[in-house]
Protein chains: 2
Amino acid sequence: MPATIRDVAKYANVGVGTVSRVLNNNPSVSDETRLKVLAAIKDLDYHPNPIARQLSTGRTLTIGVILPYLTMPSYVERLRGVQRALAGTEYDLILFSVESPAQRDAFFEDISRSPRADGILIISLPPEDQQARRLANSQVPVVLVDAYHPELCSVLIDDIQGGRMITEYLIQLGHQKIAFLGDYLETPFHPSMRYRFQGYQEALQEAGITYSPEYLAEGTNERSTARRLAKQLLSLENPPTAIFAGCDTQAIGVLDAAREMGIRVPEALSVIGYDGIRDAEYLNLTTVEQHLFDSGVEGVQLLLEALDQTIPEPRKKYIPIELVVRGTTAPPLA
Amino acid sequence: MPATIRDVAKYANVGVGTVSRVLNNNPSVSDETRLKVLAAIKDLDYHPNPIARQLSTGRTLTIGVILPYLTMPSYVERLRGVQRALAGTEYDLILFSVESPAQRDAFFEDISRSPRADGILIISLPPEDQQARRLANSQVPVVLVDAYHPELCSVLIDDIQGGRMITEYLIQLGHQKIAFLGDYLETPFHPSMRYRFQGYQEALQEAGITYSPEYLAEGTNERSTARRLAKQLLSLENPPTAIFAGCDTQAIGVLDAAREMGIRVPEALSVIGYDGIRDAEYLNLTTVEQHLFDSGVEGVQLLLEALDQTIPEPRKKYIPIELVVRGTTAPPLA
DNA sequence: TAATGGCTTGGAACCGGTTCCAGACGTAAC
DNA sequence: GTTACGTCTGGAACCGGTTCCAAGCCATTA
């Protein structure tokens, strides 16, 4: 049976308050007493029980992170940022991974009422209005990363602008036949794909290019699915000269398709991704870098600030995105 | 201020014990009383404080997972398995990510004495003898995944056999000049690379092939490093006809090097990886599949069993490995 | 000498649950 | 009518910390 603070107090012939003061570096303990207590702690191999401390202080020294199931490299990358930012602090990280909308809702419910964590970081899971309100009114501060709600702090990425940026760049290169290959746009989870698509459409419209529905390919976020969809796009009677892939993983699938079909990239087909995962660099893929790691770091920072304040106001922080031109884009063949 | 169990008791005109019994589905509560209590709980929007419950029951309903920094896809894949296996249980997952040997030691120290979690899962971080003893003697059950110590439960992978398997297969194809490209063998962290290398050496020896030190390339676990090292190997006066890469990421770097040097795979160079990460399938990479996801699942299962028993005995469970022959290996050119 | 105030200290009360013991009540058996 | 027993209930004690109040002690000051 591990020693308790009372055992230590008895052993050192002091009161429990004194032991507690020594543990918490309270200066109003005489050196003599402090040494006696420290010796007792050592003799008894005493280690304070964090649960008991949590109960009496009301702090859990834990940050809850809720994120979609760890399949996509981009989630992992954001999580790494969170992890790193938390490493220097006194907080531990408790991970809630969401595999379905129902589970997400359940977590949002639970979290907002049970003080399991001092703060909550929600990654890539935008809450609905009612949930957001609950979260905002709950005791624990909440920060969204890669998600937005007016009532909550968020670290966000302007996906509409990203979509425009890519499309404008392709148009500027001279492309007119630009396809969009992404996740299903109507997903209960995350609207970022919709935003990217919206940016794509806006840029087309501004350039006076008519949007053609046959240039839209939707599918699951997998390399193999993207490959299949890309083959369909490239087999059209009037195939696109550029494909805007909704994420880098899908762009890699597009590259697979092009290779298998003997279509040269970038000469005969420009391919552009979105995210800036590590593989993009190796594959020399043109992409929009959205600083995934940094978004995790910033999220933690916002949360730590919110933890300091008594009344956290809903702050927004944009992570800049940037177009990284590499080897998979070029002007179309004349 | 959230309602407490005493508020509920007062509101429902019952004792706190009764409320607690209702919360825990204790059958010895009359239906009438139960309904009264449930109504009070609803009226006050009461939710039990998990910390307080933890303190009085002694259970945290939390599993701690310690793993190296989330850079390698293989760690993430194991973590996903853990995550999934825990999803159906009442346990939450608290994540400790280790970035240095010193930090690893600190975690091992802390964990073995503070009851922060009901059980600990250690991934890919073999403890030293003294640490293992501490862990074994601590109150919390510990399971190692992808690591071994005689005194602890472990889910392990026979890396020596994996190394042999690969090498024997290459020899059987007719290769004699087989290089090994892996992490630094002398690492304070994880010996799996050493074991794979050992299997490689044993297989060579048994086939009567002299091991040549110039066919050993060590470097950090990064695709770009592997590419550089592979170029060096392939620029040797007498270059290898096959490269055994210590992990799939490194194998991908080898493929990069071959492509850049215009060396055809598998005709002029066989490349084989190790791990079975997802990309291996897409890249059509021959590899040793070690069922990373499953190892996480099995680890959790072992831990849950250990949590049930009062005296957990150190059990071992091997995850089978299997050679997956794909398109990057072939007999050498005559 | 008494009053004042600073420095230490002991320990009760508290955080919010669970558990267990004692007792109230009702019914059946003698 | 009393005993016995089962069912249900209240609440004190407990888990192991922190916090705060009261008080002891000593030196300084009036």
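Each chain gets a letter, A, B and so on, in the order its sequence line appears, and its residues count up from 1.
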Does CZ in A:Phe96 sit with more than 12 non-hydrogen atoms of other residues, nucleotides or ligands closer than 6.0 Å?
yes

Can you establish whether the number of heavy atoms outside B:Tyr195 located under 6.0 Å from its atom OH is more than 12?
no

Can you pull every protein N or O that's under 3.5 Å from an N or O on nucleotides 23-27 of chain C?
none

Show me the donor-acceptor pairs within less than 3.5 Å that the side chains of residues 84-94 of chain B make with the rest of the protein, sequence neighbours left out.
unit_1: B:Arg84; atom_1: NE; unit_2: A:Glu99; atom_2: OE1; d: 3.2
unit_1: B:Arg84; atom_1: NE; unit_2: A:Glu99; atom_2: OE2; d: 3.3
unit_1: B:Arg84; atom_1: NH2; unit_2: A:Glu99; atom_2: OE1; d: 3.1
unit_1: B:Thr89; atom_1: OG1; unit_2: B:Leu86; atom_2: O; d: 2.8
unit_1: B:Thr89; atom_1: OG1; unit_2: B:Tyr91; atom_2: N; d: 3.1
unit_1: B:Glu90; atom_1: OE2; unit_2: B:Arg59; atom_2: NH2; d: 3.2
unit_1: B:Tyr91; atom_1: OH; unit_2: B:Arg59; atom_2: NH2; d: 3.0
unit_1: B:Asp92; atom_1: OD2; unit_2: A:Arg116; atom_2: NE; d: 3.4
unit_1: B:Asp92; atom_1: OD2; unit_2: A:Arg116; atom_2: NH2; d: 2.2

Axis-to-axis angle across the helix from C:dT1-D:dA30 to C:dC30-D:dG1, five pairs each end, nearest 10 degrees, ~ 70°

For [X], answer base if it contacts any base atom (sugar-phosphate contacts may also be present), sugar-phosphate if it contacts only those atoms, and nothing otherwise; contact means non-hydrogen atoms under 4.0 Å.
{"X": "B:Asp31", "result": "nothing"}
{"X": "B:Asp7", "result": "nothing"}
{"X": "B:Ser28", "result": "base"}

Decide yes or no on side-chain contact (heavy atoms from CB on, under 4.5 Å) for B:Ile5 and B:Ser20, but give the supporting numbers first.
CA-CA 8 Å; B:Ile5 199 170; B:Ser20 179; 4.0 Å; yes

Quickly work out the [X] [atom1] to [N] [atom2] distance and round it to whole Å.
{"X": "B:Asn25", "N": "C:dT18", "atom1": "CG", "atom2": "P", "value": "11 Å"}
{"X": "A:Glu32", "N": "D:dC25", "atom1": "CD", "atom2": "P", "value": "15 Å"}
{"X": "B:Asn26", "N": "D:dC8", "atom1": "CG", "atom2": "P", "value": "10 Å"}

Does any pair with a residue in residues 136-157 of chain B pass salt bridge (charged side-chain N to carboxylate O under 4.0 Å, His left out), and if so which ones, sequence neighbours excluded?
B:Arg78-B:Asp146, B:Arg133-B:Glu151

Which residue pairs pass the salt bridge (charged side-chain N to carboxylate O under 4.0 Å, His left out) test with at least one member in residues 7-16 of chain A, sequence neighbours excluded?
none

Between D:dA12, C:dG11, C:dT8, spot the one nearest the side chain of A:Arg21, thanks.
C:dG11

Counting side-chain heavy atoms from CB outward, which of D:dG10, C:dT9, D:dG11 is closest to B:Val16?
D:dG11

State whether the side chain of [X] and the backbone N or O of [Y] hold a donor-acceptor pair below 3.5 Å, judged by distance alone.
{"X": "A:Asn24", "Y": "A:Asn26", "value": "no"}
{"X": "A:Gln131", "Y": "A:Glu128", "value": "yes"}
{"X": "B:Thr18", "Y": "B:Val16", "value": "no"}
{"X": "A:Asp183", "Y": "A:Met193", "value": "no"}

How many angstroms lie between atom CD1 of A:Ile122 and atom CG of A:Leu152, to the nearest 0.5 angstrom?
7.0 Å

Give every pair of a protein N or O atom and an N or O atom of nucleotides 15-17 of chain C that lie under 3.5 Å apart, one pair per line with the distance.
unit_1: C:dG16; atom_1: N7; unit_2: B:Arg6; atom_2: NH2; d: 3.3
unit_1: C:dG17; atom_1: OP1; unit_2: B:Tyr46; atom_2: OH; d: 3.2
unit_1: C:dG17; atom_1: OP1; unit_2: B:Asn49; atom_2: N; d: 3.2
unit_1: C:dG17; atom_1: OP2; unit_2: B:Ile5; atom_2: N; d: 2.7
unit_1: C:dG17; atom_1: OP2; unit_2: B:Tyr46; atom_2: OH; d: 3.3
unit_1: C:dG17; atom_1: O5'; unit_2: B:Tyr46; atom_2: OH; d: 3.0
unit_1: C:dG17; atom_1: O5'; unit_2: B:Asn49; atom_2: N; d: 3.4
unit_1: C:dG17; atom_1: N7; unit_2: B:Arg6; atom_2: NH2; d: 2.7
unit_1: C:dG17; atom_1: O6; unit_2: B:Arg6; atom_2: NH2; d: 2.9

Give a yes/no answer on whether the side chain of A:Thr18 brings an N or O atom under 4.0 Å of OP1 or OP2 in C:dG10.
yes

